[in-house]
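Only one structure is covered here, and it is reproduced in the block below.
In the text below, chain A, chain B and the rest are named by the order of the sequence lines, each starting its count at 1. Scope of the values below: all heavy atoms of this structure, side chains included, with no hydrogens, waters or symmetry mates.
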There are 2 protein chains.
Amino acid sequence: MKEGPDIALIGSLIGDPARANMLTALMGGRALTPTELAAHAGITLQTASSHLAKLEAGGLLTQRKQGRHRYYALSEDEVGLMLESIMGFAASHGLTRHQPGPKDPALRKARVCYNHLAGDYGVRMLDSLVAARQIVLTGEDLALTDAGRARVEALGIDYAALKKSRRPICRTCLDWSERRSHLAGSLGEAFLTLFIDKGWANREQNSRAIRFTDTGEKAFSELFPQ
Amino acid sequence: MKEGPDIALIGSLIGDPARANMLTALMGGRALTPTELAAHAGITLQTASSHLAKLEAGGLLTQRKQGRHRYYALSEDEVGLMLESIMGFAASHGLTRHQPGPKDPALRKARVCYNHLAGDYGVRMLDSLVAARQIVLTGEDLALTDAGRARVEALGIDYAALKKSRRPICRTCLDWSERRSHLAGSLGEAFLTLFIDKGWANREQNSRAIRFTDTGEKAFSELFPQ
DNA sequence: CGAATGCTTCGACTAAGATCGAAGTATGAA
DNA sequence: TTCATACTTCGATCTTAGTCGAAGCATTCG
């Protein structure tokens, strides 16, 4: 009868507070167990289990069994992008669940957006790459230039491996705190992994915040001048 | 207690089937009355009225009184972008409400995405503008080049007026049928208005589909070669 | 082999909210 | 003024689904 995709199903999955809390926790990028997710949502394990089954059936989550643990994670990049776009709208209307506290500035400075860097630092990184003509817009969203590719490989990122996968290498993702775009896609993920592997940045426990070390700050500023 | 924006509230607003149907109808770009929206959703006027009040309180809709009619519309571009991103996810998981019928190809070819052109034609238009270097990526998403500006003004679009408003002129919007970006923002809206004013294209009644006339097809192909 | 941990399933309770009939308000037309 | 249209508010009903206790699998460890 109606035309177009069914958004009500997805909306109702996101619309329950317990499920929304779990999804927000999973935006931190780590795979989490039902027990951990139940704690995040403030509900019992039984209830969490039923929610997780629904989220998985709806295609938002995937699970991986490992011993007697089950690890849940967001199923695709698209899920992260979709959630971030909803967060963007919610934030712009003052719909926040937290009283602005000490954690807030840290989140705005640098945080994980599922698997890549977001916040002020994420936006600065993309700006800098574009200013240096290492990334440009093509028909299919963003693309690495030859210069960009050389730069990326010099940093030790395996470009060939990214190329092989069917995932888009570069994507834009709308930042809810900055209200501008930052870099997502497999390259975005590779950059964040690089920063952490090099010891330039650390993920905070139970938070989406990313804390840069002093050397990390310096390296980041040199790599991505403003 | 939790950090980050409250996505549950927005999700629950979108999550009710009746409200989702109304929002989808409003993605057609026309402002609609409660009576019309009730018909789209298949509910009585009383129920629709209560839903519309909630959507307005949540910031998704605005209303404009005109005589004894009330016209509801999506409140901002952001709402359209958010809904389209959810539709993108839903469509990629086969969550469609319609049995693929004769209307479907028309929608994929060209349709309204709130206030701008989407579908194959929307994507082709952005591709062509980028290939001709009339639009490029800057730090802040897309931007018109000088060449692009001249082109736009030659077509009769009032660039100065677009510039004055606080709305972004160019924006990307992820297309759910093509799964690539097309042009949103005030320029995207201006282009669609132009096509309709020139008689190149018409909006179908009660549908998001856009039908190009023969002269419209020809003009479009010349303006935006592949 | 128990015993313990991690998780799911079942069943019953409860509360939130979607729905509509009926009545009330506002605008416009005759 | 009177009637009609468009919409909102109120109140009652009823379904849906979120919740947790209890019990049941599965896996690991001693």
Pair B/Lys109 + B/Glu204, salt bridge at N-O below 4.0 Å:
no
Do B/Phe224 and B/Tyr121 have ring centres separated by under 6.0 Å?
no
How far apart are the C-alpha atoms of B/Thr47 and B/Ser50, what are their side-chain angles, what is the distance that settles it, and do they pass the side chain to side chain donor-acceptor pair (under 3.5 Å) test?
CA-CA 5 Å; B/Thr47 309; B/Ser50 122; over 6 Å; no
Students often mix this up, so state it plainly: with edges at 30° and 60°, are the rings of B/His182 and B/His116 parallel, tilted or perpendicular?
tilted
Using a 4.0 Å heavy-atom cut-off, write out nucleotides 17-30 of chain C from 5' to 3' as B (base contacted by protein), S (sugar-phosphate only) or - (no contact).
-SSBBB----BS--
Whole angstrom is fine here: how far is it from CD in A/Glu36 over to C1' in C/dT5?
14 Å
Interatomic distance, A/Ile14 CD1 vs D/dA17 C1' [rounded to whole Å]
18 Å
Measure CD/B/Gln63 against C1'/D/dC7 and give the value in whole Å, please.
10 Å
How many Å lie between CG on A/Leu45 and C1' on C/dT5, as a whole number?
11 Å
Spacing between B/Arg70 atom CZ and D/dT5 atom C1', to the nearest angstrom
14 Å
Nucleotide nearest A/Pro34 (side chain, heavy atoms from C-beta), chosen from D/dT8, D/dC7, C/dC7
C/dC7
Has A/Ser75 got a side-chain atom pairing as donor or acceptor with A/Thr62's backbone, closer than 3.5 angstrom?
no
Distance-only side-chain donor-acceptor flag, B/His51 / B/Gln46, under 3.5 Å
no
What is the nucleic acid contact for A/Tyr71, judged by heavy atoms within less than 4.0 Å: base, sugar-phosphate only, or nothing?
nothing
Atom NE2 of A/His69 to atom C1' of D/dT27: distance rounded to whole Å?
10 Å
To the nearest angstrom, how far is A/Leu52 atom CG from C/dG6 atom P?
16 Å
